[in-house]
Amino acid sequence: MSDTVERIKCLIIGSGPAGYTAAIYAARADMKPVVYTGMEPGGQLTTTTEVDNFPGYPEGIDGPTMMVQLQQQAERFGTEVRIGMVTEVDFSDEEGGIHKIVVDGNKHIEAETVIISTGASAKYLGLESEQRLRGGGVSACAVCDGFFYKGQDVAIVGGGDTAAEEATYLSKICNKVTMLVRKDHMRASKAMQHRVTAASNIDLRYNTEIDEVLGEQVVEGLRMVNNQTGAKEEIEITGLFIAIGHKPNTDIFKGQLDMDDTGYVLTEGKTTKTNKPGVFASGDVQDKDYRQAVTAAGTGCMAALDAERYLSEVESAVEA
Ligand code: NDP
């Protein structure tokens, strides 16, 4: 255990578009932000290839390059980016209170403000063939990667709102979308289900799961299995989209922050304020609906502005 305790004005946990945008704003406001990157520096975007929908990149940009550029932009204004994993938090309940953070199990930090941008991770089925072909035709984001399968045959797994929305999105781009739902009904809202059934090129298969994703380097097909009859069937596809939900990375904040029943951090009204004064949440960790790089960046900006205002109010209260 390290005995030294470091004091930080603005600690940012997570290094995706939300974290780095918060850092750019916080650094420019002279809050001397420190970013802890977490296990996946750069966040989810580093696992995607081309990013074509972030405004300002007319030719598109690959995800890892974009994240390096965001990091450089944050560092240009004095952000300190550190590789490390926050392992423990003890947030103060007091206005102006100090938040205690432990990094990598042994480094102790006291933070005046904390911006949580730890994101969410897409859930995968866990099949060996699925994991091997991630980035080779297996994707967890139709809005990010659907365009690459224009005019082609693809498949999607899941029966919730995300799967329904993404299947509908893909049906407008692709030739045919086979949708695999493991139960005999979908969990998605009726309105979303209606959109799926109204699309003539979505082949909806109930009671159906993936037996294996076919292909060595890239996805070439799918072997499906009917979980009622055991009947197997192979189809040719070039893209497979997994839409079985996301898990917000909030385990270390449980018991400290208010969350919804699926673990997303709750924020107050239109702000990024959590239930603890001086602790803010931005990006996918508090957004289960939009989950885009640009919306994450937007809430990162809001979190830095909220943190700056909070510090000013605390300073004014101390002076008074
Ligand atoms: P959900 O948890 O709602 O749905 C996940 C789906 O994936 C379920 O159909 C589930 O099946 C299926 N699934 C889970 N694990 C497996 C597996 N191993 N194999 C096959 N299928 C599996 O997640 P979503 O991402 O769809 O939605 C999350 C939240 O976000 C929801 O509250 C949703 O309403 C909301 N949302 C709202 C949108 C909107 O309003 N526009 C858009 C997108 C999301 P089963 O039913 O059998 O458990």
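In listed order, ligands and their atoms are each counted from 1. This chain uses plain numbering: 1 for the first residue, then up along the sequence. Just the heavy atoms: all of them, side chains too, but no hydrogens, waters or symmetry mates, feed the values below. All of these numbers come straight from a predicted model, not from anything done at the bench.
- Counting protein heavy atoms under 4.0 angstrom from atom 7 (O) of ligand 1 gives one or more.
- Close approach to K183 involves these atoms of ligand 1, each under 4.0 Å from a residue heavy atom: 45 (P), 46 (O), 47 (O), 48 (O).
- If you check which protein heavy atom lies closest to atom 35 (C) of ligand 1, you get D289 OD1, 4.0 Å.
- Considering both main-chain and side-chain atoms, R291 never comes within under 3.5 Å of ligand 1 through any nitrogen or oxygen pair.
- Side-chain contact check for I24 versus L70: some heavy-atom pair is nearer than 4.5 Å.
- Less than 4.0 angstrom separates some heavy atom of E165 from each of these atoms of ligand 1: 41 (N), 42 (C).
- Using a 4.0 Å cutoff on heavy atoms, E209 does not count as a contact of ligand 1.
- Considering only non-hydrogen protein atoms, atom 23 (O) of ligand 1 sits nearest to G245 CA, 3.7 Å.
- Under the 4.5 Å side-chain contact rule for hydrophobic residues, I235 and V225 do not share a cluster.
- In the hydrophobic clustering of ILVMFWY residues, with side-chain heavy atoms under 4.5 Å counting as a link, M179 and V154 come out together.
- Neither the backbone nor the side chain of T262 comes within contact range of ligand 1; no heavy atom lies under 4.0 Å.
- Between R187 and D161 no salt bridge is recorded (no basic side-chain N to carboxylate O distance below 4.0 Å).
- The protein heavy atom nearest to atom 11 (O) of ligand 1 is R182 NE, 3.3 Å.
- The ligand atoms of ligand 1 that sit less than 4.0 angstrom from a heavy atom of I244 are 5 (C), 7 (O), 13 (N), 14 (C), 15 (N), 16 (C), 21 (N), 22 (C).
- Interatomic distance, OH of Y36 versus CE of M85, reported as 13.0 Å (0.5 Å rounding).
- In this structure, atom 29 (C) of ligand 1 lies nearest to the protein heavy atom K288 CD, 3.7 Å.
- Ligand 1 has no nitrogen or oxygen under 3.5 angstrom from a nitrogen or oxygen of G158.
- Considering CG of L180 and CD of E209, their distance stands at 9.0 Å, rounded to 0.5 Å.
- Side-chain N or O atoms of E268 include none that pairs as donor or acceptor with a backbone N or O of K273 at under 3.5 Å.
- Using a 4.5 Å cut-off on side-chain heavy atoms (C-beta onward), M259 and T250 make contact.
- Here the heavy atom of the protein found nearest to atom 27 (O) of ligand 1 is T162 OG1, 3.6 Å.
- Remark: T274 OG1 to L257 CG distance equals 5.0 Å, nearest 0.5 Å.
- Closest to atom 18 (N) of ligand 1 among all protein heavy atoms lies L125 CD2, 3.6 Å.
- Within the 4.0 Å heavy-atom criterion, neither part of V181 lies near ligand 1.
- Taking only non-hydrogen atoms, the option from I210, T208, D184, D161 nearest to atom 36 (N) of ligand 1 is D161.
- Ring centroids of Y25 and F77 are separated by 6.0 Å or more, keeping the two rings apart.
- A salt bridge between D153 and K176 is absent, with no side-chain N of the basic residue lying under 4.0 Å from a carboxylate O of the acidic one.
- Checked against a 3.5 angstrom limit, the closest N/O atoms of V157 and ligand 1 fall outside it.
- The option with the heavy atom closest to atom 2 (O) of ligand 1, from among H185, R187, M192, is R187.
- Taken together through direct or relayed side-chain contacts under 4.5 Å among Ile, Leu, Val, Met, Phe, Trp and Tyr, I115 and V294 form part of one hydrophobic cluster.
- Those atoms of ligand 1 with a heavy atom of G159 less than 4.0 angstrom away are 6 (C), 7 (O), 8 (C), 9 (O).
- In this structure, atom 16 (C) of ligand 1 has a protein heavy-atom contact shorter than 4.0 Å.
- For atom 4 (O) of ligand 1, the closest heavy atom belonging to the protein is G160 CA, 3.7 Å.
- The pair K107-E6 meets the salt-bridge criterion, since a charged nitrogen lies less than 4.0 angstrom from a carboxylate oxygen.
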